[in-house]
Every structure is written in structure tokens, then in C-alpha cells.
2 protein chains.
Amino acid sequence: MSVTIKDIARVAGVSRGTVDRVLHNRGGVNAEVAAKVREIAEDLGFFPNRAGKVLAALKQPMTFACLLPSIGNPFFEDVIAGFRIAERELSDFGLSIDIKEVKSFDTETHVNAIRELQEKGYSALCITSVDVPQVRMALEKTIAGGIPVVCVNTDIPDCGRLCYIGPDYYHAGKTAAGLLSMISKDKQELLILTGSFNILGHNERIKGFLQGLKEKNVPFEIVETKESLDDDDLAFTVTTQALTMHRQINCIFIAAAGVEGACRAVTKLKREGLVKVLTFDDIPSTKKLVKKNIISFTLCQNPTQQGYQAIQKLFAYMIGNQKNPPTDSITNTIIKIRENIED
Amino acid sequence: MSVTIKDIARVAGVSRGTVDRVLHNRGGVNAEVAAKVREIAEDLGFFPNRAGKVLAALKQPMTFACLLPSIGNPFFEDVIAGFRIAERELSDFGLSIDIKEVKSFDTETHVNAIRELQEKGYSALCITSVDVPQVRMALEKTIAGGIPVVCVNTDIPDCGRLCYIGPDYYHAGKTAAGLLSMISKDKQELLILTGSFNILGHNERIKGFLQGLKEKNVPFEIVETKESLDDDDLAFTVTTQALTMHRQINCIFIAAAGVEGACRAVTKLKREGLVKVLTFDDIPSTKKLVKKNIISFTLCQNPTQQGYQAIQKLFAYMIGNQKNPPTDSITNTIIKIRENIED
DNA sequence: TTGAAAGCGCTAACAG
DNA sequence: CTGTTAGCGCTTTCAA
């Protein structure tokens with residue numbers, strides 16, 4: 001049995017209330033007494049018991065708010081699923097979760113959403129947003145107001161967030177290059193399709209991909225680079241144009257959404273098998289295309305784990321689990337081909 | 001705030017003690033009263049609060065025993081790491097873990113180990129063993145004696161175990177075939193290296209691999225099939241022999257341990273690049289060989305997760321988390337190449 | 001500035 | 001057969 005505040009109180013010759021006050025820096029304790037208590041706690045190797053804390057905390061239930069640019073983006077469904085799993089597991093520890101969904105990565109929308117959540121008095125925030133000054137400032141203010149924040153899927157460094165849970169985009173791009181170098185030794189005539197030139201993650205994937213090709217000595221040429229704005233119809237249009245104009249294209253690297261649209265163009269032009277398609281994530285439409293062999297492989301980032309871990313880490317922090325202080329958690333780059341796409 | 005036994009007691013007009021007795025089928029309660037309590041609990045949607053249970057359970061701390069054939073097999077180090085992570089997380093819920101390591105899959109050793117653990121009075125067992133009648137009987141007896149059992153990594157069905165946590169070996173073999181079909185269209189002249197013809201998992205991997213090749217219409221011939229007994233030196237010997245006798249071999253499928261030995265043979269005979277090597281798991285020596293491009297890819301099964309989940313599930317069951325009754329959990333088939341081997 | 005006590009939800013020991 | 005009570009570790013409130 002491990003050491004409790006009761007033990008500390010006994011050894012220090014004070015009451016449990018006093019120990020509690022000291023350990024939470026709640027003030028109103030004689031400095032000498034406080035020092036003594038702290039020393040004893042240290043000596044005895046005291047760690048608060050989570051079960052006790054949780055039980056006591058039940059009187060003031062917690063609610064976390066999650067902000068996601070998920071409207072119209074199926075990718076986030078799995079992140080939300082992760083949130084919900086964690087919520088269910090932690091529900092009888094007094095936790096509940098509200099999810100605020102917005103459309104797109106528009107700065108103003110995000111800033112407003114963050115303000116709104118701050119004002120509503122949530123216990124903590126879990127957000128996917130954009131790393132721009134306005135958002136960062138809004139977050140800094142929230143955090144200064146005592147509301148901890150974790151970033152999921154997209155990091156916003158230097159705003160005082162607790163930690164980041166999500167993928168390493170650059171590395172994922174590089175892995176795509178590694179795999180491509182295994183499945184083909186030909187010169188790669190590339191069509192690069194990105195969501196937006198303004199989104200860091202997409203750019204990082206492309207950078208990693210090109211760097212990986214260089215390191216692997218894969219001969220390649222970038223025939224075209226296009227934005228899809230994560231829209232399937234636009235992706236269809238630009239892909240059709242590119243494939244028609246440049247018959248030599250034999251590989252499409254899709255750094256973002258728009259996968260279904262681009263693949264529609266490939267099949268419409270009857271280029272299946274002639275053009276390799278490399279993608280990210282495994283939303284339902286992408287899964288289907290992997291199964292149909294239109295997509296060679298897709299690199300996934302464990303969205304459900306991201307959501308799950310974010311909530312768990314936040315909760316552990318709130319409850320004061322000092323054994324595991326929050327640290328960044330980079331999700332693995334998971335290679336999926338036809339055979340393991342349903343895992 | 002959710003419904004508690006206190007609520008049930010109040011509504012039923014009985015004491016909390018009685019409710020507790022009914023809910024735990026501990027007997028000694030008037031049948032009518034019991035029925036009424038049960039009905040009310042059902043109506044109110046009662047789920048016991050884990051924090052409360054855990055706190056009360058602290059008076060009788062639990063110890064789980066884990067049985068692993070891990071001596072001399074580095075694969076299990078990650079499984080053990082998973083055990084330890086779970087133990088740390090659950091330590092202030094009163095859990096501790098003892099690990100019993102044995103060498104090899106010898107039946108008698110396992111039966112004796114199981115008997116020993118049973119007699120030592122552990123709260124529950126978490127085992128990796130062999131699916132043979134003697135072991136199954138030993139487990140049935142343990143379970144009948146009230147000690148729940150989960151199987152990790154290797155299943156032993158029909159013995160009354162709570163659940164299985166581990167890979168789908170057949171499926172992993174099939175995935176290897178899928179990947180191979182992507183990286184090479186040539187006829188595959190195969191050397192198949194297995195650990196033992198008696199170990200189900202190894203056989204399943206081979207079956208899945210061959211079935212996968214057929215489905216993908218990959219032309220192939222099995223030049224040789226050899227046992228390594230999971231021993232690197234033996235693997236080196238048989239691989240050297242096979243590669244020397246049959247110069248046409250261009251692909252080695254290693255269904256078990258012995259990876260380092262087989263690869264040593266490949267480099268010694270200067271066949272790197274000419275012979276593709278396909279392996280499973282990512283023990284340190286395998287990682288190195290993937291980085292050196294000797295191994296084309298290796299298929300992993302998340303051993304750390306296996307260990308972690310096994311303990312978590314067992315604990316959840318013991319504490320009576322009725323929201324998630326224990327179910328099998330098949331770990332993903334994780335493809336690792338040079339670029340993501342360090343994930 | 002400090003102590004004492006109540007209570008979070010549950011279990012178990014003891015009375016009756 | 002059933003109720004009462006104490007207590008798991010912690011927080012919080014009320015007194016002093």
C-alpha cells in the first residue's frame with residue numbers, strides 16, 4: 001500500500017486539511033509548516049491516488065470542449081469516435097465532452113469559436129486549428145485564463161498548449177517516397193495534388209515526399225502541382241485537365257482530401273494501373289478505392305487514437321496524474337494496402 | 001450525475017448493503033426483494049462507478065500473474081513493456097503484476113507453470129502458451145477454480161478464457177503476399193523458413209502468404225521449406241545450404257524468429273538485393289536489417305499494445321466494468337519499411 | 001492559520 | 001434475511 005496524505009499528516013503532526021492545502025499551494029499555511037509538509041511528502045515519495053481524487057472530484061463534474069474543422073470533412077469522424085470512446089471510459093469519473101464543429105480552416109471562424117468556448121466556462125479545450133497569429137493569441141488568452149489546451153492533429157506551438165497529439169506530416173511524406181521506391185523503379189512523372197498551399201501539414205507531406213525520393217535516388221519530375229481545396233469536384237476537374245494535357249503522368253501524389261475526385265478522373269480516363277495513386281488517410285471512399293486497386297497505398301495516422309489520447313491526456317492532467325506529465329505524442333505512420341485496409 | 005446504489009436503495013426502500021448483495025449475487029436476500037432491486041437497478045440504468053469500486057477494492061490489492069515463453073525470445077520484451085505500462089497506470093488502483101518467464105513452448109513446462117501460478121493464489125492470469133490438450137485442461141481447472149484467464153499473442157480457444165488479445169496470423173501472411181505482389185512481378189522462387197511445424201501461428205502465416213500469392217496471381221514455386229527452431233545459428237546454416245544448393249531462390253519468407261541468422265547467410269553469400277527477405281516483428285536486430293535494406297519489409301503486430309490491452313481488459317473485468325465486457329481484440333497488421341521502422 | 005468532519009460510491013464486517 | 005457502520009484517499013466546508 002502506498003503513502004497517503006494521512007501518512008504525511010501523521011508524520012508532520014498536522015491535519016489532512018493542512019497537507020492538502022500545502023500540496024495544492026492553496027495558501028493560508030504557515031511557511032515553516034508548509035516547508036516541513038513538502039519535505040515529508042517528498043521523502044515519503046507521495047503520489048496522490050487517482051481513485052481518491054476522482055471520487056472527490058465527482059462533486060464538480062468536468063466538461064471538455066473540442067473544436068474541430070470537421071464539417072464536410074469525413075476524416076474527423078474517426079477523431080470524434082476517439083473522443084467518444086474516451087468520454088465513455090471516463091464518464092463515471094465525472095467527465096463529459098462537448099464538440100464544436102466548424103467548416104474549413106477560416107481564421108475568423110476559429111478565433112470566434114475559441115472565444116465562445118472560453119466564455120462558456122469549459123474545464124479544458126482540445127482543438128484542431130490553424131497556426132496563425134490570431135488563433136495563437138486567442139489561445140494564449142484562454143490558457144492565461146486558466147483553461148488548459150491540447151492540440152490534436154495540427155499543432156500550434158508556442159501558445160502555451162499542454163501538448164500536441166497527431167502525426168508527423170513530413171515523415172509520412174517521406175514514408176510514401178520509400179514505399180514508392182519499392183514498388184517502382186521507373187522515372188516518376190508526378191502530379192501533386194494538395195489541399196491548400198496555406199496548410200502546413202499538406203506542405204510538409206509534399207516536402208517529405210520529395211526529399212524521400214531524392215534520398216532514394218528515384219528519378220522524378222514534377223509535371224504539375226494543383227490545389228483541390230479539399231473538394232472532390234475540383235480535384236476531379238484539375239486531375240482530368242492535368243492527365244489530359246500531360247499524358248506522361250504516371251503517379252499522382254495526393255497530400256490531402258479530394259481523393260475520390262482525383263480517382264474518378266483516373267478511371268474516367270481509363271488510366272487505372274497506368275497511373276499510381278498515393279494518398280493519405282482512410283476515409284470510407286478511400287478505403288473503397290484501395291480495395292479496387294485504384295489507389296496503390298494510403299498512409300494513415302490513427303485518427304481514433306488521436307482523439308482518444310487527447311482526451312485521456314487532458315483528463316490525466318486535470319486530475320493531476322503527476323506520474324505522467326503531458327508530453328507530445330506523435331502517431332505512427334501506418335501503411336495500408338488492399339490487404340490490411342480493413343484493420 | 002448518474003445513478004448510485006444509494007438511489008436504488010432509496011427507491012427500493014432497502015439498505016445499500018442489501019442492494020450490494022443483490023447486485024453481486026452474494027445470496028442471503030429474500031427472492032422478492034432481490035427481484036425488486038434488480039428491476040429498479042435496470043429501470044434506473046444503474047452502472048457501478050469505477051472510482052468507487054476501485055477505492056473500496058484498495059483494501060484487498062490485486063496481483064495478476066503473466067506467463068510468457070520469453071526466455072531467449074526478444075519479441076516478448078515489448079509485450080512485457082506493455083504489461084509494465086498498464087501496471088504503472090493501474091498501480092494506484094491497487095494492481096501489481098508478477099511475470100513468470102519460461103523458455104520455449106514445451107508442454108510440460110507450461111503445465112507446471114500454470115499449476116504453480118494457480119496455487120500461488122493470483123487474482124487472474126494472463127498467458128501466452130500452446131494450444132495442446134494438457135495446457136487446455138490445466139487452464140480449465142484454473143478457470144473453474146475462479147481465476148479468470150486471458151490469452152495474449154497465442155490463443156487457446158475453448159478453455160473458458162475471457163478473451164484473446166493478439167494478431168491474426170493468417171491475415172498477416174496474406175498481407176505479406178499483397179505487398180510482395182506490389183514490389184515484384186517476377187516469379188517468386190521461395191525459401192520458406194518457419195520456427196516450428198508444430199506452432200500454429202507460424203503455419204497460419206505461411207498458409208496466408210501462399211493463399212495471398214494465389215489470389216494475386218503471383219507466379220511462385222516453393223523451392224524449400226525449413227525449420228529454424230527460432231534459432232539464429234540454425235537459421236544461418238539452413239539458409240546458407242538452401243541458397244547454395246538452389247541459386248534460383250529470390251525470396252525468403254521467414255515466418256518466425258531466426259531472422260538475423262538467415263540474413264547473415266544472405267549477406268555472407270552476397271545476395272543482398274538479389275534475394276528479397278520478408279519477415280515478421282521488429283525486434284532490434286530485425287530493425288537494423290530493415291534499415292540496412294537487407295529486409296524488404298517486416299510485418300508487426302504491436303506487441304506493446306497486446307501486453308497493455310491484456311492487463312487493462314483483465315482489470316476492467318475484475319473491477320466489473322460492465323460497460324465493456326471483455327471481447328477479443330485482434331491487433332492490426334502493421335507494415336514497416338525502412339522509413340517507418342522507428343515509429 | 002489550522003483542525004475536524006462530511007461526503008464522493010462502493011464493499012465488507014458486524015449486528016440484529 | 002437485512003440494516004448499520006466504517007473506511008478506501010481525497011477535497012471541501014465549517015469551526016475554532
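Each chain gets a letter, A, B and so on, in the order its sequence line appears, and its residues count up from 1. Because the structure is predicted, anything quoted here is derived from the model rather than measured.
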Exercise. A:Leu58 CG to D:dC8 P: how many Å, rounded?
Worked result: 19 Å
For this session: Nearest whole angstrom, please: distance from the P of C:dA12 to the NE2 of B:His24.
Result: 7 Å
Exercise. Between B:Gly17 and B:Leu55, who's closer to the 5' end of DNA chain D by nearest nucleotide?
Worked result: B:Gly17
Exercise. Is the phosphate of D:dG3, meaning OP1 or OP2, less than 4.0 Å from a side-chain N or O of B:Thr18?
Worked result: yes
For this session: Describe, as an angle rounded to 10 degrees, how the axis at the first end of the helix from C:dT1-D:dA16 to C:dG16-D:dC1 is tilted relative to the axis at the last end, five pairs per end.
Result: 60°
Exercise. At under 4.0 Å between heavy atoms, what does B:Val54 touch on the DNA or RNA strands: base, sugar-phosphate, or nothing?
Worked result: nothing
Problem set entry | Among D:dG9, D:dT11, C:dC10, the nucleotide that comes nearest once only the side chain of B:Lys53 is considered | C:dC10
For this session: Please determine, for the side chain of A:Asn30, which listed nucleotide (C:dT2, D:dA6, D:dT11) has the closest atom?
Result: C:dT2
Exercise. Rounded to the nearest 0.5 Å, how far apart are CG of B:Asp343 and SG of B:Cys300?
Worked result: 10.0 Å
Problem set entry | Integer-rounded Å distance: C:dT11 C1' and B:Arg16 CZ | 10 Å
Exercise. Which nucleotide in the list C:dT2, D:dA6, C:dA13 gets nearest to the side chain of A:Val29?
Worked result: C:dT2
Exercise. Which pair of non-hydrogen atoms, one from A:Phe64 and one from A:Tyr122, has the smallest distance, and what is that distance?
Worked result: C-CD2, 3.9 Å
Exercise. Is B:Asp20 close to B:Arg26 at the side-chain level, that is, under 4.5 Å between some pair of heavy atoms?
Worked result: yes
Problem set entry | Separation of atom CD1 in B:Ile8 from atom P in C:dT11, rounded to whole Å | 11 Å
For this session: Choose from D:dG9, C:dA13, D:dT11 the nucleotide whose nearest atom is closest to any side-chain atom of A:Asp20.
Result: D:dT11
For this session: Report yes if a side-chain nitrogen or oxygen of B:Lys6 is closer than 4.0 Å to either non-bridging phosphate oxygen (OP1 or OP2) of C:dC8; otherwise report no.
Result: yes
Problem set entry | Residues B:Lys36 and B:Glu39 bridged, charged N to O under 4.0 Å | no
Problem set entry | Between C1' of D:dC8 and CD1 of B:Ile319, the distance in whole Å | 12 Å
For this session: Look at B:Glu116 together with B:Lys120 and state whether they make a salt bridge at an N to O cut-off of under 4.0 Å.
Result: yes
For this session: Would you please confirm or rule out a distance under 4.0 Å between OP1 or OP2 of D:dG9 and any side-chain N or O of A:Thr4?
Result: no
For this session: Rounded off to whole Å, could you give me the CZ-to-C1' distance for the A:Arg26 and D:dC14 pair?
Result: 15 Å
Seminar exercise, completed: Between CZ of B:Arg50 and C1' of D:dC8 the distance, given in whole Å, is 17 Å
Problem set entry | Residue B:Gln60, side-chain heavy atoms: nucleotide from C:dT2, C:dG7, C:dA12 that is nearest | C:dA12
For this session: Just compare C:dT1, D:dT12, D:dT2 and give me whichever is closest to any side-chain atom of B:Val33.
Result: D:dT2
Exercise. Looking at D:dT11, D:dG3, C:dC10, which one has an atom nearest to any side-chain atom of B:Arg21?
Worked result: D:dG3
Exercise. So B:Phe105 and B:His110, would you call those rings parallel, tilted or perpendicular, with 30° and 60° as cut-offs?
Worked result: parallel
Seminar exercise, completed: Regarding the side chain of B:Ile5, the nearest nucleotide among C:dC8, C:dT11, D:dC8 is C:dT11
For this session: Could you check which of C:dT11, D:dT11, D:dG9 has an atom nearest any side-chain atom of B:Lys59?
Result: C:dT11
Seminar exercise, completed: Tested for side-chain hydrogen bond (donor to acceptor under 3.5 Å, both in side chains) against A:Ser329, the lone hit among A:Gln305, A:Gln306, A:Lys313, A:Gln309 is A:Gln309
For this session: List the atom of A:Tyr164, the atom of A:Asp328, and the distance in Å for their closest heavy-atom pair.
Result: N-OD1, 2.9 Å
Problem set entry | Rounded interatomic separation in angstrom, taking CG from A:Leu44 and P from D:dG9 | 14 Å
